[in-house]
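Following: one structure in structure tokens, then a few remarks.
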There are 2 protein chains.
Amino acid sequence: MVDNSVLELNLGLGNNNNNNNVVGGHAHAGQSPRQRCPAPFLLKTYDLLEEGESEDMTRIVSWNEEGSAFVVWSPAEFSEHTLPRYFKHNNFSSFIRQLNTYGFKKMSSKRWEFKHEKFQRGCRHMLGEITRKKCEPSVFPAYLKSSSEENATSSTEENNQQLLMEENKNLKKERLELQMQIDECKALEMKLLACLSQFMDTQQTKIRRLC
Amino acid sequence: MVDNSVLELNLGLGNNNNNNNVVGGHAHAGQSPRQRCPAPFLLKTYDLLEEGESEDMTRIVSWNEEGSAFVVWSPAEFSEHTLPRYFKHNNFSSFIRQLNTYGFKKMSSKRWEFKHEKFQRGCRHMLGEITRKKCEPSVFPAYLKSSSEENATSSTEENNQQLLMEENKNLKKERLELQMQIDECKALEMKLLACLSQFMDTQQTKIRRLC
DNA sequence: GGGAATATTCCC
DNA sequence: GGGAATATTCCC
């Protein structure tokens, strides 16, 4: 009943999209207004709408006339077939929860139409401007914040890079060692197999002779 | 290749287990020592071990001799086949992350053995005493550490850092995979040796009889 | 709609 | 191992 391709697809998407999603959002620091890697959720939702444009999926979900919002025409089919191909679930309410988290608004009480200023047809590049509503751990003393930002200078940045390179180097060394271990294992396997096969041969001849 | 029954099973489990899991933990308030509905993760992990007892799954994952901990004998098979039947993913590292969250300890560097005082064979009733480690709203918030966000760094430098982080991530993934390959190889070796030894025995007896 | 707990991912 | 971001679930 439920689409079976979930895991494969999710993993596929995960490996592609999540790479875009540098979690901390440090990338593209100097751009206006706060352009970041879009959240996976937004990319997937956008892509899912583009998929609809080519196929008959507009029956289930599509942009509205003006492309200023999107409409889920058939929540049941959308949940059962569309959601699991993009997400790790098939619950319409979880999808809506995410929409709310990213600040989408429900446009009409008569149909499932959702709108966000920065989520429009043809504007994939604006997705990076959409942010999650933060549940602030709220009042962290302002003085600590400002001083910490002053302290976070380029020296820590360089340091950071140093550490990354160091770690990188070590990882590569490790990789080589592991690879060698595997080669050894494989070689041993071959030997064992050869040994087994040879032993079988000799035993068989012995037995044949004795008969 | 990947088990297809993920969603159905997950949803099934979700509908059963998550009902038990009164999220806020308000249920059973007056019991000693803090008996709650066990977290879904713990129930699933426990059940997955019980499943092993009846089938040949002990080859992949099982309790240790004393039932005081459990061992993932074959991480590759465990990830590919077992995990997706209980969880919404097939990543060994995500599973381990959860174990750490609930305070499990890795027992040995030689095998994937995990232990928690309250997680033992035959003691499903103790699972309710296991709690997540809380991440206190920590005194030093994230932005104290995040250096790059507001700073003017040259775009090439930033780009460089991006690439390094990307490579780093991939290397770590590779490392885990290689480690798992090695485990598999070792397991195969054991099997071959056992096979060889058994074969030798039977052949010797055959020969002895013929003489 | 949104708060909050748990789950999954990513990074250090 | 663990901090922190995002995702999913559950509840009000």
Side-chain angles (χ1 to χ4, degrees), chain A residues 10-11 13-15 17-26 36-45 83-84 86-106 114 131-137 159-160 163-164 166-168 171, chain B residues 10-11 13-15 17-27 36-45 83-84 86-106 114 131-138 140-146 161 164-173:
Chain A
N10 267 318
L11 290 169
L13 288 169
N15 287 338
N17 286 346
N18 287 336
N19 284 346
N20 302 341
N21 172 41
V22 177
V23 168
H26 302 309
R36 304 168 174 234
C37 294
F41 170 75
L42 299 169
L43 288 170
K44 290 177 185 177
T45 303
L83 284 181
Y86 288 86
F87 305 100
K88 286 175 181 288
H89 66 84
N90 60 6
N91 304 312
F92 195 51
S93 50
S94 289
F95 179 69
I96 290 178
R97 184 74 196 83
Q98 282 283 71
L99 290 175
N100 286 326
T101 297
Y102 284 96
F104 285 73
K105 293 296 174 200
K106 190 153 174 271
F114 300 96
T131 55
R132 288 167 74 90
K133 292 187 198 164
K134 291 290 173 192
C135 50
E136 329 268 333
N159 202 18
N160 208 354
L163 289 174
L164 268 174
E166 180 80 13
E167 194 183 13
N168 221 294
L171 281 167
Chain B
N10 268 317
L11 290 169
L13 287 168
N15 287 339
N17 287 345
N18 288 335
N19 285 344
N20 301 341
N21 171 39
V22 178
V23 168
H26 304 307
R36 304 169 177 235
C37 294
F41 171 76
L42 299 168
L43 288 170
K44 290 177 185 177
T45 305
L83 283 182
Y86 288 86
F87 305 100
K88 286 175 183 286
H89 66 85
N90 61 5
N91 303 312
F92 196 49
S93 48
S94 289
F95 179 69
I96 291 178
R97 184 74 196 82
Q98 282 282 71
L99 290 176
N100 287 326
T101 297
Y102 283 96
F104 284 73
K105 294 296 175 200
K106 190 153 175 270
F114 300 96
T131 55
R132 289 168 74 88
K133 291 186 198 166
K134 291 291 173 193
C135 51
E136 326 271 333
S138 110
F140 285 101
Y143 49 76
L144 279 177
K145 283 187 269 174
S146 92
Q161 183 128 343
L164 270 173
M165 282 166 62
E166 176 87 13
E167 192 183 12
N168 226 294
K169 191 185 86 183
N170 291 332
L171 282 168
K172 278 176 185 163
K173 198 174 155 200

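Naming convention: chains lettered A, B, ... in sequence-line order (proteins, then strands); numbering from 1 in each chain.
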Shortest non-hydrogen contact between B/H89 and B/S94, atoms and distance: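 Nearest heavy atoms, B/H89 then B/S94: CE1-CB, 3.6 Å.
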Just so I know, are the side chains of A/F114 and A/K105 near enough to count as touching, which here means a heavy-atom distance under 4.5 Å?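 A side-chain contact under 4.5 Å is absent here.
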In residues 92-104 of chain B, which residues come under 4.0 Å of DNA chain C by heavy atom?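 Under 4.0 Å from DNA chain C: B/S94, B/R97, B/Q98, B/Y102.
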N/O (side chain, A/N91) to phosphate O (OP1/OP2, D/dT8) under 4.0 Å: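 The answer is no; no side-chain N or O of A/N91 sits under 4.0 Å from OP1 or OP2.
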side-chain N/O A/K88 vs C/dT9 OP1/OP2, d < 4.0 Å: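 A/K88 to C/dT9 OP1/OP2: side-chain N or O found under 4.0 Å.
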Can you measure [X] atom [atom1] to [N] atom [atom2] for me and round it to whole angstrom units?
X: A/L83; N: D/dT8; atom1: CG; atom2: P; answer: 9 Å
X: B/K106; N: D/dG1; atom1: NZ; atom2: P; answer: 7 Å
X: B/H89; N: D/dA7; atom1: NE2; atom2: P; answer: 16 Å
X: B/R132; N: D/dG3; atom1: CZ; atom2: C1'; answer: 13 Å
X: B/N90; N: C/dA7; atom1: CG; atom2: P; answer: 17 Å

Among residues at least two apart in sequence or on other chains, which ones pass side chain to side chain contact (heavy atoms under 4.5 Å, CB included) with A/S93?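 If we apply the side chain to side chain contact (heavy atoms under 4.5 Å, CB included) test to A/S93, skipping adjacent residues, the hits are A/N91.
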Minimum-distance nucleotide to A/F41 side chain [options: C/dT6, D/dA7, D/dG1]: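 Among the listed nucleotides, the one closest to the side chain of A/F41 is D/dA7.
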Output, in order, the C-alpha distance, side-chain angles, deciding distance and verdict of side-chain contact (heavy atoms from CB on, under 4.5 Å) for A/L42 and A/F104. CA-CA 11 Å; A/L42 299 169; A/F104 285 73; 3.9 Å; yes
Supply the atom-to-atom distance A/N100 CG to A/K133 NZ, rounded to the nearest 0.5 angstrom.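 Spacing of CG (A/N100) from NZ (A/K133) equals 6.0 Å.
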Residue list, ring pair (Phe, Tyr, Trp, His ring centres under 6.0 Å) with B/F41, at least two apart or on another chain: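 For B/F41, the residues satisfying ring pair (Phe, Tyr, Trp, His ring centres under 6.0 Å) (neighbours in sequence not counted) are B/F87, B/F95, B/Y102.
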